[in-house]
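Order of the sequence lines fixes the chain letters, A, B, ..., with proteins taken first and strands second; residue numbering starts at 1 for each chain.
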Amino acid sequence: DSHIQYERVGADVTMKCGSMDWDAAVTWTANGTDIDESHLNGSYLILKNVDLTQSGQYSCYEGSSWHLKYQTYLRVGTPPKEPVLMCRSNNYPKGFYCSWHLPTPTYIPNSFNISVIHGTREMVCEKDVFPKNRCHIRYLQLFSTVKYKVTLTVTNPLGKNSTTLTFDEFAIVKPDPPESVVAKPVPSNPRRLEVSWQNPSSWPDPESFPLKFFLRYRPLILDQWQHVELSDGTSHTITDAYAGKEYIIQVAAKDNDIGTWSDWSVAVHATPWTEEPKHLTTEAQVTETTSASTSSFMPPPTTKICDKGAVVGSGAVAVCWTAGLVLAAYGVLFI
Amino acid sequence: MAAADSPSDALRRRDLCSRGIRLAGKMRSDVVDLLDTYVERQGLDASASVAAVEGVPAAATEHWDEQTGTQRLLENLAAYRAFRTLLAQMLEDQQEQLGEADAALGQALAAVLLQVSAFAYHLEELLRLESLGPPSEEAAGPTSLSDLSLFERKLRGLGVLRELAQWAVRSARDLRQLTKPSPGTSLAPSPAESP
């Protein structure tokens, strides 16, 4: 005889050796290992305050013959806590999905039953193959003021629990984030970045159900985001970027009229266009040898002399030295 | 309409649709704000369930995506004409109840009533463009409120505004469907009909 036995964590468990008398001589094993006699009361196996590590196969053998008299698989676990349920429509107006999970594991198998009621009508939520704890439902009616009531019941051999969500059609609309976000510098424009993206592919009809977008961007070196809300179009040009600074950019989407904002898209990085540094070694030599002549060196219009932050890369130090030499040359002239 | 659109008709339709979409968006936003004000001033619970109110056209519809353009226009027009009457009734009732005491609520109701009328006009014009012409308004007046208690009238008003908020969302979608260049949104009646 072999079967499964479910017990709660912390319970005291008594196992009988099948039909053997209490005073029969028996040996119990747990996963093939003999169990010490101190755990026996006659032929009964007593496990006090069981914990998860005590799950396993328990077998009882008749003393002298070593015939297997009883076998059980002990599964130690817990009854389910109130499940966490979420419903969302990322493909409005086609339908919505609900997904759920348990806040803590039960360590034993659970089964889930979901019911969806709209007014007087019971709707079928079709379970997804993957992920497991999810089902989807098609809208039969649109623009209804009648709320949906979704009840999820989780059951296992040690107990059951349930939770209910009530919501209206518009409230759960939340698109997936925009896709294919791309940010590019704009040639000859040191303060611009061109950002483009696409509607999430899960949104079935952006023409009839257009999305609006929220763009956020900041240079990596700062914590504060700039925000722009865009009521149409899937591109935007940032015109106030700090020259030469690498930016991080994200986009979110929302139905134009209803529901909530999507999560932020995957972040993209981009740096605005910068002018190629001039041949600085040549400039420095000219300045040193012609002490009476005016320096022909002019810094790029967007940068300040000796402002390291405004000049990209290793050219920064060279610019400062060059400017210093120019000033020194002038100083020598006028002494 | 058996003949193809003239370019000016097509332009006018596009213009009416895009203005109508903007108006529907504004209307919805104003109705949502009005709902908050209404609930507060009338001392109601915002989450109160209101059963379907007689005479209030329900926005809820099945097979929305299969409707023709003509069906959309006719259903919308019937709804907004009904709301025009219902809101006028609410405004009158509110003024009787409170007199000048709550001018803000009265003004908000009046502003929404104006938008509802404007939207009904857009719909009538769109139907005229289809050579269908708007159907004549039904002669029957609004349901009398005199049988209802004050509380019942307040709840009825809540139901009217909630349903109008749904319609405003639906109408924007309906008008966008009209602007889509696909056969399913054809506004033309069957070819056998002649103007």
Rounded to the nearest 0.5 Å, what separates atom CG in B:L178 from atom OG in A:S208?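 It is 10.0 Å, given to the nearest 0.5 Å.
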A:F209 CZ to B:R176 CZ distance, which is reported to the nearest 0.5 Å: 8.5 Å
Heavy atoms under 4.5 Å from chain B: which residues of residues 129-151 of chain A carry them? A:L140, A:Q141, A:L142, A:F143, A:S144, A:T145
Neighbour count >12 (heavy atoms, 6.0 Å) for atom [atom1], [X]:
X: A:Y242; atom1: OH; answer: no
X: A:D240; atom1: CG; answer: yes
X: B:E152; atom1: CD; answer: yes
X: B:R128; atom1: CZ; answer: yes

Carefully, step by step, assess A:D205 and B:K180 under the rule salt bridge (charged side-chain N to carboxylate O under 4.0 Å, His left out). CA-CA 11 Å; A:D205 188 2; B:K180 270 168 87 168; 3.1 Å; yes
From the list B:R28, B:R173, B:R22, salt bridge (Lys or Arg N to Asp or Glu O under 4.0 Å) partner of A:D257 resolves to B:R173
Using non-hydrogen atoms and a 4.5 Å limit, figure out which bit of B:R170 sits close to chain A: side chain, backbone, both or neither. both
Part of B:A172 within contact of chain A (heavy atom distance under 4.5 Å):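 B:A172 touches chain A through side-chain heavy atoms alone.
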Using every non-hydrogen atom in the two residues, find where B:E62 and A:R121 come nearest and quote the distance to one decimal. OE2-NH2, 2.8 Å
Counting heavy-atom pairs under 4.5 Å with chain A, which one of B:G159, B:A165, B:A60 comes out on top?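 Among B:G159, B:A165, B:A60, the one with the most close pairs to chain A is B:A60.
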Using ring-ring contact (aromatic ring centres under 6.0 Å, His included) as the criterion, list what pairs up with B:H63, not counting sequence neighbours.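 Partners of B:H63 under the ring-ring contact (aromatic ring centres under 6.0 Å, His included) test: none.
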Heavy-atom distance under 4.5 Å between the side chains of B:V169 and A:E169, does that happen here? no
